[in-house]
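Read through the structure below, which is laid out as structure tokens, and then see the notes.
First listed ligand is number 1; within each ligand, the first listed atom is number 1. Keep in mind that the numbers below use all heavy atoms, side chains included, and drop hydrogens, waters and symmetry copies. Keep in mind the model is a prediction, meaning the values are calculated, not measured.
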Amino acid sequence: MPEATQRISEIYQQVVERNPGETDFHQAVKEVLDTLAPVLRQHPKYAERKIIERICEPERQIIFRVPWQDDQGEVHINRGFRVGFNSALGPYKGGLRFHPSVYLDTIKFLGFEQIFKNALTGLPIGGGKGGSDFDPKGKSDDEVMRFCQSYMTELYRHIGELTDVPAGDIGVGAREIGYLFGQYKRITNRYESGVFTGKNPSWGGSLVRREATGYGVVFFLEEMLQARDNSVSGKTAVVSGSGNVAIYAIEKLQGMGAKVVACSDSGGVIYDPEGLNLETVKQLKEVERARISAYVKHHPHAEFREGASIWDIPCDLALPCATQNEIDEAAAKKLVEQGCIALCEGANMPCTPEAMKVLEAGKLAYGPGKAANAGGVATSALEMQQNASRDAWTFEHTEERLHDIMRNIFRDCHNAAEEYGEPGNYVVGANIAGFRRVADAMLAFGLI
Ligand code: GLU
């Protein structure tokens, strides 16, 4: 039935016209919409009630001025964002990204992805995202604190444990969450633990939240490999990035018997053919907030490649854990040519559409971020559960819950891909399984 395809392409055109210049958002929307035609054919109600059109329009978008003073007394003005994209399944849920490249487009692409990712977790969380073009890099702790306090002085009125629950993302870690939560608590006169996730476990955070995204990516990867009678054990892996997602993906890969030979930051790539020393990476990134190039001072046999592409390094397993569009067509071709058997996305939308085509044709196992990196936000939902019940779970129990959730996400993606005639295509599986959950809730609520 060509009408469904036609309808989808009209919806996409409308999205492009209504959101001019927002190319990352267009890309995220197109990637989902391109897989939904069979769903519209099977469920005409979704088309009648304009579910897709409604999902593509955020429920609310907040943009605000964030003035702050640096240590010299100079005044700076940044821009703050929070987009509540969809609350059909629960309060808006998604991280805050602080990075100079952030603008509304970035937050909308991330918020849109978050709707489906959060739906896939099977937990009661809607989709949202926020952030700022503030750059925490090179700032003192006091500067970061003053920025966070100013940011929260506006944001507090839009969030709440039943409304919108932010967390971390690039540039927002435990330090920032502490300052943000402290200011929220002060302004509202409430110790509302459930308004934020990614908190320190000593004051309401959940064990395993820090590790969850990276661990979850590797759990998902292992499920994909087992479906092909293979496993992570004994493989050579390349992990881009060296932030929170990358570090804990490396930790779990090593724990499961893989050798991780490279990681990176915006300055370049570390190649350590003997296998990365994770303690050094953690010390540099989590403690010293240093550049990854400093790794070679501790391990002179390793190589630092300034400004190089990490995807030139041959590997069995590729885990992009840095940022959007970090794998282009050329990088994807290189991976396939060099015999990579699986690519699993820790970052959000790390592959360009051209790269995705190459990967699909290359027949390697491909785990899309929406499914593969959902362990972070899933554990955030577990943090909300603990806060709501004023409880704190053990590391083992929480990790087991995370592992179960990742297995379920894999199973749902696997089954949806089979049901819609594309076995092994987890992009199709993730989009359809996530979409159907949100769409059914939206239908139930009437036209809102
Ligand atoms: N920023 C993470 C993501 O991309 C996690 C968000 C959260 O825990 O709410 O899913």
**OP:** State, with a plain yes or no, whether a side-chain heavy atom of M406 is found less than 4.5 Å away from one of E223.
**Re:**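 No; the side chains remain at least 4.5 Å from each other.
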Original post:
Based purely on interatomic distance, does N348 place a nitrogen or oxygen under 3.5 Å from a nitrogen or oxygen of ligand 1?
Top reply: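 Between N348 and ligand 1 (N or O atoms, distance only) the closest approach is under 3.5 Å.
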List every atom of ligand 1 that sits less than 4.0 Å from any heavy atom of [X], numbering the atoms from 1 in the order shown and giving each element.
X	value
K93	7 (C), 9 (O)
R209	5 (C), 7 (C), 8 (O)
K117	3 (C), 4 (O), 10 (O)
S380	7 (C), 8 (O), 9 (O)

Original post:
Just going by heavy-atom distances, which of P166, A167, G168 is nearest to atom 2 (C) of ligand 1?
Top reply: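 Going through P166, A167, G168 one by one, G168 has the nearest heavy atom to atom 2 (C) of ligand 1.
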**OP:** Report the part of T213 (side chain from C-beta onward, or backbone N, CA, C, O) that has a heavy atom under 4.0 Å from ligand 1; answer both or neither where that applies.
**Re:** neither
Subject >> Location of contacts on K370 toward ligand 1, heavy atoms closer than 4.0 Å >> reply: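 It is neither; nothing of K370 touches ligand 1.
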Do you see a donor-acceptor pair shorter than 3.5 Å between the side chains of [X] and [Y]?
X	Y	result
D272	N277	no
Y92	Q114	no
E31	N431	yes
H76	D70	yes
Q14	E53	no
S266	R291	yes

Subject >> K282 atom NZ, neighbour heavy-atom count above 12 within 6.0 Å >> reply: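 Counting neighbours around NZ of K282, more than 12 heavy atoms of other residues, nucleotides or ligands fall under 6.0 Å, so yes.
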Subject >> Close approach of R97 to ligand 1, heavy atoms, under 4.0 angstrom >> reply: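 For ligand 1, residue contact (heavy atoms, under 4.0 Å) with R97 is absent.
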Original post:
Could a heavy atom of Q114 be found less than 4.0 Å from some atom of ligand 1?
Top reply: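 In this structure, Q114 qualifies as a contact of ligand 1 - some heavy atom is under 4.0 Å.
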Original post:
At what distance is the nearest protein heavy atom to atom 6 (C) of ligand 1, and which residue and atom is it?
Top reply: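 I find the closest protein heavy atom is G95 N, 3.5 Å.
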